[in-house]
Amino acid sequence: MFWKIVLIAFMATGVFAEYQLNDAQRQQYRDMLKQQCKKSGAEDKVDDVEKVIKDFVDCLKGLFDVEVLKREIEEAKPNGALDEVFKKYCAKSPQLKTCIHSLTAGVAPCLDQTSRDNIGSANNATDQLIDFVCYKDGDRIALFIAEGGPECFQEKSGSIRQCAEKLKSSVSSIEAAQILSLTDQCGKYEELTTCVVKALEECSTPTPANMAESLFRYVRNGTPCKTQKQ
């Protein structure tokens, strides 16, 4: 289950996202990680996995600072220099891919065998995402911001959250996800894609919706869903 790897990695990373989570939430993520490791017969690997996750967070911090990036974007907008900002950060994409690959390999002990076998697919999907964003040194993301993409996503955040909640309600647990066939998994991905794109189409400019749809398709082609009929 290729996307389960990304789920576990995201869940585990939340343990160390201290600037976003309160103590109770961090403990919840830690307990979820321990539970997942126990199910995979790797309860003794929890500390090792948490170390890998911490290294991943440190790796990200070494590549960029969110507040600095925000400031650089705001300063570049009036001058039409967004492409220069993203060219600088996209030059770091090889290091970012290495960070992510190290993370997925590091959480492997707490995954079931099927998911471990699909780590390559998960890495490929994230590589596809990075390559999409950094196409032509970040021209796409620069256009997305210039055309009001972030504002559109913020405006439609409630609708997008509903899309995610709808998916969550239909696959309420990891156990429920495990029994889905590849066709069903890919169907869920398509449902999420359609829902999010439809929400963004209500914005004043078509660019965010068009770019989101292209992104979803691009990432899809880096997963086993590429062979499934849409």
### Message
For a side chain to side chain contact (heavy atoms under 4.5 Å, CB included) check, start with the C-alpha distance between C37 and K45, then their side-chain angles and the critical distance, and finish with the verdict.
### Response
CA-CA 7 Å; C37 290; K45 299 294 184 181; 5.6 Å; no
### Query
Please walk me through it: do D137 and F86 pass side chain to side chain contact (heavy atoms under 4.5 Å, CB included)?
CA-CA 7 Å; D137 293 327; F86 291 107; over 6 Å; no
### Task
Would you check, one step at a time, whether the test side chain to side chain contact (heavy atoms under 4.5 Å, CB included) holds for L96 with L60?
CA-CA 7 Å; L96 177 58; L60 292 186; 3.5 Å; yes
### Task
Tell me, with the steps shown, if E202 and E155 meet side chain to side chain contact (heavy atoms under 4.5 Å, CB included).
CA-CA 10 Å; E202 297 177 2; E155 177 187 342; over 6 Å; no
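Taking all atoms of both residues into account, the shortest heavy-atom contact from A42 to P109 is CB-O, 3.1 Å. When all heavy atoms of E75 and N79 are compared, the closest pair comes out as O-ND2, 3.2 Å. Considering all non-hydrogen atoms of both residues, S40 and C110 come closest at OG-O, 3.0 Å.
For the pair E213 (side chain) and V197 (backbone), a donor-acceptor distance under 3.5 Å is absent. Formation of a donor-acceptor pair under 3.5 Å by the N118 side chain with backbone atoms of S121 is not found in this model.
In this pair, F132 and Y218 present their aromatic rings tilted. The plane angle is within the 30 to 60° band.
D31 pairs by the side-chain hydrogen bond (donor to acceptor under 3.5 Å, both in side chains) definition with Q27, not counting sequence neighbours. Listed by chain and number, the residues in a side-chain hydrogen bond (donor to acceptor under 3.5 Å, both in side chains) with N123 are T104 (sequence neighbours excluded).
Transitive grouping of hydrophobic side chains (ILVMFWY, heavy atoms separated by less than 4.5 Å) keeps V46 and M32 in distinct clusters. Residue L82 is grouped with residue F144 when hydrophobic side chains (ILVMFWY) are merged at heavy-atom distances under 4.5 angstrom, including chains of intermediate members. There is no path of hydrophobic side-chain contacts, each under 4.5 Å, that joins Y135 to I145.
How far SG of C186 is from CD of E191: 11.5 Å, rounded to the nearest 0.5 Å. The CZ atom of F64 sits 11.5 Å away from atom NZ of K70, with the distance rounded to the nearest 0.5 Å. Note that the SG atom of C134 and the OH atom of Y89 stand 12.0 Å from one another [nearest 0.5 Å]. Atom CD of residue Q95 and atom SG of residue C59 lie 8.5 Å apart, to the nearest 0.5 angstrom. One finds the CG atom of L143 at 12.0 Å from the NZ atom of K136 (value rounded to the nearest 0.5 Å).
Using a 4.5 Å cut-off on side-chain heavy atoms (C-beta onward), I100 and D127 make no contact. Using a 4.5 Å heavy-atom cutoff, the side chains of V52 and S102 are not in contact. In this structure, the side chains of L63 and C99 come closer than 4.5 Å at one or more pairs of heavy atoms. Counting only heavy atoms from C-beta outward, the side chains of M211 and L215 never approach each other to under 4.5 Å. Within the 4.5 Å cutoff, side-chain heavy atoms of I160 are placed close to those of L200.
With a 6.0 Å radius and a threshold of 12 heavy atoms from other residues, nucleotides or ligands, K166 has its NZ atom at or below the threshold.
The pair E74-K77 meets the salt-bridge criterion, since a charged nitrogen lies less than 4.0 angstrom from a carboxylate oxygen. No salt bridge links E151 with K156; every basic N to acidic carboxylate O contact stays at or beyond 4.0 Å. Of the charged side-chain nitrogens involved, none lies within less than 4.0 Å of a carboxylate oxygen, so that D47 and K51 do not count as a salt-bridged pair. Using a cut-off of 4.0 Å between Lys/Arg side-chain N and Asp/Glu carboxylate O, D184 and K188 are scored as not salt-bridged.
The list of salt bridge (Lys or Arg N to Asp or Glu O under 4.0 Å) pairs with a residue in residues 83-97, not counting sequence neighbours, reads E72-K88, K97-D131.
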